[in-house]
Amino acid sequence: MRLMADLHIHSALSPCAQEEMSPPAIVEAAREAGLDLIAVCDHNSAANAAAVQRAAGEWPHVIAGMEICSAEEVHVVALFADATRAERAAAEVLETLPRGRAAPTSFGRQLLMDASGAVLGEELRLLGTACAFDLKSTVQLIHRFNGLAIAAHVNRPSFSVFSQLGGFPSGAGFDAVELAAVRVDPPWQAEIDGLDLPVLRSSDSHYLEQIGSFASELSMRCPSFEGLRELVCRQRGG
Ligand SMILES: [Zn+2]
Ligand SMILES: [Zn+2]
């Protein structure tokens with residue numbers, strides 16, 4: 001069965017995302033885009049993931065995730081089997097972030113929402129900053145909670161392993177790499193093509209209209225985290 005998946009979508013919790021990215025609005029946009037599987041990945045937090053899962057019900061399937069910004073400012077997409085694991089991993093990341101309200105001119109509010117889209121409050125840690133975990137520790141943290149660690153938007157010129165480190169850290173333990181939509185291929189495209197890791201395409205949506213604009217077609221029996229894990233393991237030959 002071929003399924004359409006967009007595994008990197010921010011919600012209104014991310015300071016750089018549109019406040020209209022509420023749980024029901026994300027679900028509606030995902031359905032309109034024909035997506036079977038999505039993942040909610042806010043910066044350094046998973047606090048809205050369960051609300052999106054409740055808003056979606058059975059369709060599309062929603063994976064709880066987050067996008068961790070490592071100490072080197074490398075973005076890592078972390079996907080988990082359930083929201084509880086995602087929230088426990090996020091708690092360790094959040095603990096290392098500075099408190100304080102960012103200047104409203106540069107960053108938006110960090111809204112905590114329920115499944116209906118009602119605002120429950122604001123996160124006061126600065127989610128848009130680097131956490132204290134270096135890249136290796138970030139991947140280890142994700143694996144400690146049995147998650148998948150995906151090198152985010154490796155073809156982008158900022159906040160990617162290549163832009164921050166100058167090359168791909170072969171020993172970092174990533175499970176997959178993610179491509180984002182780019183206008184021009186990066187100078188390290190040949191290195192990306194040479195990587196022996198599964199490749200996912202995701203939108204990294206910060207606005208509703210971006211959801212599903214760049215997505216992966218995956219061969220899975222049914223949309224689920226375990227199905228994704230099996231697929232990734234199969235593609236890695238393990
Ligand atoms: Zn990112
Ligand atoms: Zn992102």
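Counting convention: from 1, in listed order, for ligands and their atoms alike.
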Next on the checklist: Report the atom name of the nearest N/O/S atom of E67 relative to the Zn ion (ligand 2).
Outcome noted: OE1
Next on the checklist: Please determine whether H10 has a backbone or side-chain N, O or S atom lying under 2.8 Å from the Zn ion (ligand 2).
Outcome noted: yes
Next on the checklist: Just checking: H43, one of its N/O/S atoms, less than 2.8 Å away from the Zn ion (ligand 2), yes or no?
Outcome noted: no
Checklist entry - Do any of the N/O/S atoms of H153, backbone or side chain, fall under 2.8 Å from the Zn ion (ligand 1)? => result yes
Checklist entry - Mind checking whether the Zn ion (ligand 1) has an N, O or S of H75 under 2.8 Å? => result yes
Item to check | side-chain contact (heavy atoms from CB on, under 4.5 Å) assessment of I142 paired with F133 | outcome: CA-CA 11 Å; I142 297 165; F133 291 97; over 6 Å; no
Next on the checklist: Could you check whether R201 pairs with E178 (Lys NZ or Arg NE/NH1/NH2 to Asp/Glu carboxylate O, under 4.0 Å)?
Outcome noted: no
Checklist entry - Taking 4.0 angstrom as the limit, do E28 and R31 come out as a salt bridge? => result no
Checklist entry - Would one find an N, O or S atom of D204, in either backbone or side chain, under 2.8 Å from the Zn ion (ligand 1)? => result no
Checklist entry - Once the angle between the rings of F162 and F168 is folded into 0 to 90°, is it parallel (under 30°), tilted (30 to 60°) or perpendicular (over 60°)? => result tilted
Checklist entry - Would E230 and R221 count as a salt bridge (charged side-chain N to carboxylate O under 4.0 Å, His left out) if you check the C-alpha gap in whole Å, the side-chain angles of each, and the deciding distance to 0.1 Å? => result CA-CA 10 Å; E230 277 173 28; R221 274 196 299 278; 3.6 Å; yes
